[in-house]
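The next block holds one structure in the form of structure tokens; read it before the comments.
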Amino acid sequence: MDIKQIAKDTAKMLQSYLTYQAVRTVSAQINETNPYVAAWLHRFSTKERIQNGEAYIEQLFLEKPELALRIMTVRQHLAEEMTEFLPEMVSTGIIQANMEHRRQHLERITQLDLSNPSTPEEQPTSDSSSDENS
């Protein structure tokens, strides 16, 4: 397990997610002042693959540099605001989710089958079943 590579991959994924959130924020802001540009950004965002935030911004720079700069500014602000809380939130979230998954698993494996409530005394034995058939 290469922890450094996992951290790099996670950081890249988080950057792309923050790009997505920045696009949503900027789009909502622009929609209030210039619906035409907001519609253009929406069309551009559906055409370009926003899953790769860096490639998305590179392409946006070629078409509308002012929007790319604005999205980068919002993305940086989001990153600065959330990085203080993120490590603890991720750790706590994983611990809580794991605990819930384990609890549900334990409930499933220890659950009694209540659909057939017969007790061992009520179940016919091989002797009594042969008596019933006679």
Side-chain angles (χ1 to χ4, degrees):
M1 178 173 10
D2 186 358
I3 297 296
K4 207 172 216 178
Q5 186 59 46
I6 292 171
K8 285 180 183 178
D9 293 345
T10 302
K12 185 175 180 180
M13 184 198 62
L14 186 56
Q15 281 176 234
S16 290
Y17 182 71
L18 289 176
T19 302
Y20 165 75
Q21 288 296 335
V23 168
R24 286 185 59 195
T25 301
V26 168
S27 183
Q29 293 167 346
I30 291 174
N31 195 42
E32 294 178 8
T33 58
N34 192 340
Y36 174 77
V37 174
W40 181 91
L41 181 59
H42 178 73
R43 282 191 309 277
F44 176 84
S45 298
T46 57
K47 182 177 64 172
E48 293 302 319
R49 295 190 55 105
I50 198 164
Q51 291 86 354
N52 181 339
E54 302 318 308
Y56 175 87
I57 287 179
E58 285 176 24
Q59 192 61 40
L60 186 57
F61 256 117
L62 297 175
E63 301 207 26
K64 294 218 183 269
E66 67 283 355
L67 279 178
L69 290 168
R70 186 168 177 179
I71 288 168
M72 288 178 5
T73 301
V74 171
R75 176 176 75 163
Q76 183 175 349
H77 175 74
L78 290 171
E80 289 168 355
E81 291 295 315
M82 62 166 270
T83 52
E84 177 183 341
F85 308 105
L86 189 62
E88 184 178 336
M89 289 175 75
V90 170
S91 295
T92 301
I94 287 174
I95 289 168
Q96 288 175 344
N98 285 352
M99 193 172 2
E100 180 63 18
H101 290 302
R102 287 182 178 116
R103 183 190 63 75
Q104 289 174 0
H105 176 68
L106 185 60
E107 285 178 358
R108 275 193 304 272
I109 65 173
T110 59
Q111 196 170 41
L112 296 175
D113 183 11
L114 299 177
S115 62
N116 186 5
S118 64
T119 61
E121 298 89 35
E122 295 173 355
Q123 293 179 348
T125 61
S126 58
D127 292 343
S128 63
S129 61
S130 61
D131 290 343
E132 291 175 13
N133 292 337
S134 311

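- One distance of note links NE2 of His101 with CG of Leu106; it measures 14.5 Å at 0.5 Å rounding.
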Ignoring hydrogens and angles, write down the donor-acceptor pairs under 3.5 Å from the side chains of residues 23-32, residues two or more places apart or on other chains.
| residue | atom | partner | partner atom | Å |
| --- | --- | --- | --- | --- |
| Thr25 | OG1 | Gln21 | O | 2.9 |
| Gln29 | OE1 | Arg70 | NH2 | 2.9 |

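- Checked against side chain to side chain contact (heavy atoms under 4.5 Å, CB included), Met82 has the following partners two or more places apart in sequence or in another chain: Leu14, Leu18, Leu86.
- A donor-acceptor contact closer than 3.5 angstrom links the side chains of Glu80 and Gln76.
- Checked by atom type, the side-chain pair Gln111/Glu107 shows no donor-acceptor distance below 3.5 Å.
- Side-chain contact check for Met99 versus Arg103: every heavy-atom pair is 4.5 Å or farther apart.
- Sorted by first then second residue, the ring-ring contact (aromatic ring centres under 6.0 Å, His included) pairs that include residues 53-86, not counting sequence neighbours, are Phe44-Tyr56.
- Scored by the side chain to side chain contact (heavy atoms under 4.5 Å, CB included) test, Ile95 finds no partners at all (sequence neighbours excluded).
- Interatomic distance, CG of Leu41 versus CD of Glu63, reported as 11.0 Å (0.5 Å rounding).
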*Go through the steps for Glu100 and Gln104 under the test side chain to side chain donor-acceptor pair (under 3.5 Å), then give the verdict.*
CA-CA 6 Å; Glu100 180 63 18; Gln104 289 174 0; 2.9 Å; yes
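- Tyr20 and Leu69 fall within a single hydrophobic cluster, where Ile, Leu, Val, Met, Phe, Trp and Tyr are joined by side-chain heavy atoms under 4.5 Å apart, directly or via other members.
- Under the 4.5 Å side-chain contact rule for hydrophobic residues, Leu78 and Met89 do not share a cluster.
- Atom CD of Glu88 has 12 or fewer heavy atoms from other residues, nucleotides or ligands within 6.0 Å.
- Clustering ILVMFWY residues whenever any of their side-chain heavy atoms sit less than 4.5 angstrom apart, transitively, puts Ile50 in a cluster other than the one holding Leu62.
- To the nearest 0.5 Å, atom CZ of residue Arg49 and atom CD of residue Gln59 are 13.5 Å apart.
- Under the rule for a side chain to side chain contact (heavy atoms under 4.5 Å, CB included), the partners of Lys64 that lie at least two apart in sequence or sit in another chain are Trp40, Leu60, Glu66, Leu67.
- In the hydrophobic clustering (ILVMFWY side chains linked at under 4.5 Å, chained through shared members), Met1 is joined by Ile3, Ile6.
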